Every structure is written in structure tokens, then in C-alpha cells.
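As C-alpha cells, the structure follows; a few thoughts come after it.
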Amino acid sequence: MATEATTTNFQNSDFRPVPQPPDFHPEVIVSPHDGLHFWQFMIAGSVAGCVEHMAMFPVDTVKTHMQALGSCPIKSVGVRHALRSILKSEGLPGLYRGIGAMGLGAGPAHAVYFSVYEVCKKYFSGENPNNSAAHAVSGVCATVASDAVFTPMDTVKQRLQLGNSAAYRGVFDCVKKVLKEEGFGAFYASYRTTVLMNAPYTAVHFTTYEALKRGLIEISPESVSDERVIVHATAGALAGASAAVITTPLDVVKTQLQCQGVCGCDRFKSSSIGDVVKTIMRKDGYKGLMRGWIPRTLFHAPAAAICWSTYEAAKAFFQEINASSESGT
């Protein structure tokens, strides 16, 4: 009886069905490209890059010392030994030598890095968030562009990290001396190696990050808004650590090329990756190609966590601004 009554109510002549086209299929429209402008991606990336590299700079200094060969002050591969040697020779400020160069390079480079990644991801993925190949290719495009911006300042940064105050008085003194003694090409001596290192690094990093982020969100979709920072930080840390370990040998080669001739480190006749690898193998064997992998992993895991959580937070900030401005118009 209750069913009949209900049916009668819905058959009331006052309620008429709204006619729909024969091919009507309701769908959820997702705003493409996160609804942000290109310049907003650049600002979010710049902020994320600066926060990441400034926070992790002391660890990067230890890694740079461990990877340098020749008669540089530190020859041991031990993290504790490297840290003690830096503190003993230069004190706490020694861990922050070159941070000015990092500040000048990280902001612009990461602005290019993330904006290019987002544009390429939109283009290659076809609006499919599960397209891992698109994430990998977009990461490679991003690193080729950003490394062209960052490599010169990274060279200055690493030379300042290794050298003492007598070698270089600061960022601009280092730039001036390198230009005078070695020419402009010295700033890009490691560019090819850097790209070859960062291309697989970013391919692994971005693919792993997007997959982990998607997986973590699917585990607890109802609480994703409350745990957004934890999701991005966890996915970023795991992605950064795995990519860092895989690409450590190329990072060692890059450090050798950028620091050649500084503080007694070897100088190479060419920027050939093969020549550098042979030198490392002759002096240190296979283990020489993994020098600094522990501080590199200790750097990239928290650095990626900081970077991604900061970047996603900045994106969310701009999304709220855009939403409020649209509702106000």
C-alpha cells in the first residue's frame, strides 16, 4: 500500500519529466590545469624551490665535500667524518658557504621547473591524471629547461662550498674569477651531465610522486582535505629518495666537473663523462661512483617533501584567490 501511495504521488500531473537529448550523458567536469595561470605556477614553484634548498643546504654541503676527489680537505666517504672536518676547518658558517648562489639560482630555476612541468603535463596527458608516461616526459622537459637556468649558479655554489675564504670572497668574486681564468664555458661544463642525471631523476621522481599521491588519496578519500600536507610530503619524500639513489653516480660526475681545479681537485682535459668515470674508477673503484649517496638521499627525501608540500600549498592558495575573485565578479 505504501508503495502504491508513493507511486501515485510521483504520478501527479504537476510533475512532468524534463526532456533530455537522446545522447545526453551527465559527467563531472574537472577544471584543467588546476585552474591556475602560468605566472601562478611560476611563483608557487619559485617559493617551493627556495624553501627546499635553503632548509637542506647544510646536507648539500656535506654531500659536495664527500663527492670531491683529489687533495680536497675531505677524502673520507663517512658522513660524520665529513661533517666534523667542515666544522673543524671553518666552523658552522662552513656549512652555509655558497648559500647566496643557491638563493639566486633556486628561485628562477624552480619557477621554470614547475611551470614547464605543469604546461607539458597538461599537453601530454590529455587530461588523464593516470598517464605515467606523460608525467615522465613532462619531468624531462622541465629539467632540461630549468638546468639551463640553474647550472651556472650551482657551479658557483659548489665552488664556494669547497673553497675557503681565500679562494673566493663571495658569489660575485667567484663569478668574476671563473670568467677571467676559465671563461664563460666553465659555468656550463657540467650541463650535459646535469641533464643526463636530472632527466632520469625527474622522470622517476614525478612518475613516482604522482602515482604515490594518487594511491594515498585513494586509501582515504574522505579525509584527503584534512591530510593534504601529509599526502604530498609522504609522496614527495619517497619519490625523492628513490630517484636520488638511482642517479647518484651521475651526480658524482657532475660534482667533479663543476669543482675541477678547486682546492686541489682534479682538472679534466674535457667534459667527457667517460673520462671522469674512468678517473673515479681508477682512484676509488666502483664505490667511488656512489660517494655521497647517503647525504644525497638524506637531502632529497626531506627536500622533496618540503618542496612538494610547499608547492601544493601555494597552488591551493592561488586556487582560493581565483575562486573568490570569480565569485565576486
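Atom set for the values below is all heavy atoms of this structure, side chains included, hydrogens, waters and symmetry mates excluded. As the structure is a computational prediction, the values presented were derived from the model and not from experiment.
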For Ser190 against Thr155, the heavy-atom pair lying closest together: OG-OG1, 4.5 Å
Rounded distance (nearest 0.5 Å) linking atom NZ of Lys287 with atom CH2 of Trp293: 15.0 Å
Separation of Phe57 CZ from Ile99 CD1 (nearest 0.5 Å): 5.5 Å
Residue of the set Phe38, Tyr311, Phe41 for which ring-ring contact (aromatic ring centres under 6.0 Å, His included) holds with Phe114: Tyr311
CE on Met197 to CZ on Arg192, rounded to 0.5 Å: 14.5 Å
Any residue meeting side chain to side chain donor-acceptor pair (under 3.5 Å) with Asn128, in chain and number order, not counting sequence neighbours: none
Residue pair Gly100 / Val171: nearest heavy atoms and the distance that separates them: C-CG2, 3.9 Å
Thr255 (side chain) donor-acceptor with Asp251 (main chain) under 3.5 angstrom: yes
Sub-4.5 Å side-chain heavy-atom contact between Arg291 and Lys63: no
Gap between atom NE2 of His205 and atom OG1 of Thr247 - 0.5 Å precision: 11.0 Å
Qualifying residues under side-chain contact (heavy atoms from CB on, under 4.5 Å), relative to Ser242, sequence neighbours excluded: Val204, Thr208
Distance flag, aromatic centroids of His300 and Tyr201, threshold under 6.0 Å: yes
Side-chain heavy atoms of Val144 within contact of Tyr191, under 4.5 Å: yes
Non-hydrogen side-chain atoms of Met54 and Tyr96 separated by less than 4.5 Å: no
Salt bridge (charged side-chain N to carboxylate O under 4.0 Å, His left out) evaluation trace for Lys315 with Glu320: CA-CA 9 Å; Lys315 281 171 58 178; Glu320 290 181 6; over 6 Å; no
Arg296 CZ to Asp60 CG distance, which is reported to the nearest 0.5 Å: 9.5 Å
Residue pair Phe206, Trp308: steps toward the ring pair (Phe, Tyr, Trp, His ring centres under 6.0 Å) verdict: CA-CA 10 Å; Phe206 280 113; Trp308 277 112; 5.4 Å; yes
Within-4.5 Å side-chain heavy-atom neighbours: Thr310 and Glu52: no
Where Val175 and Met153 come nearest, the two heavy atoms and their spacing: CG2-CE, 4.2 Å
Minimum heavy-atom distance Thr193-Leu250, with the two atoms named: CG2-O, 3.6 Å
Distance (rounded to the nearest 0.5 Å) between His232 NE2 and Ile306 CD1: 15.0 Å
Stepwise ring pair (Phe, Tyr, Trp, His ring centres under 6.0 Å) test for Phe184 and Tyr188: CA-CA 8 Å; Phe184 182 77; Tyr188 283 94; 5.8 Å; yes
Minimal non-hydrogen separation, Ala136 against Thr207, with atom names: CB-OG1, 3.4 Å
Derivation of the salt bridge (charged side-chain N to carboxylate O under 4.0 Å, His left out) call for Lys177 and Glu182: CA-CA 8 Å; Lys177 286 185 177 179; Glu182 303 175 52; over 6 Å; no
All side-chain contact (heavy atoms from CB on, under 4.5 Å) counterparts of Ile43, not counting sequence neighbours: Trp39, Val47, Phe318
Qualifying residues under salt bridge (charged side-chain N to carboxylate O under 4.0 Å, His left out), relative to Asp147, sequence neighbours excluded: none
Qualifying residue for side-chain contact (heavy atoms from CB on, under 4.5 Å) with Phe187, from Asp154, Val178, Thr151: Val178
Any donor-acceptor pair under 3.5 Å from Ser89 side chain to Ile86 backbone: yes
Worked check of side-chain hydrogen bond (donor to acceptor under 3.5 Å, both in side chains) between Asn322 and Gln40: CA-CA 10 Å; Asn322 292 348; Gln40 291 174 323; 3.1 Å; yes
With sequence neighbours excluded, residues passing side-chain contact (heavy atoms from CB on, under 4.5 Å) with Phe317: Ile321
Test side chain to side chain donor-acceptor pair (under 3.5 Å) applied to Ser146 - qualifying residues, sequence neighbours left out: none
Exercise: identify the closest heavy-atom pair between Gln161 and Thr61: NE2-OG1, 3.0 Å
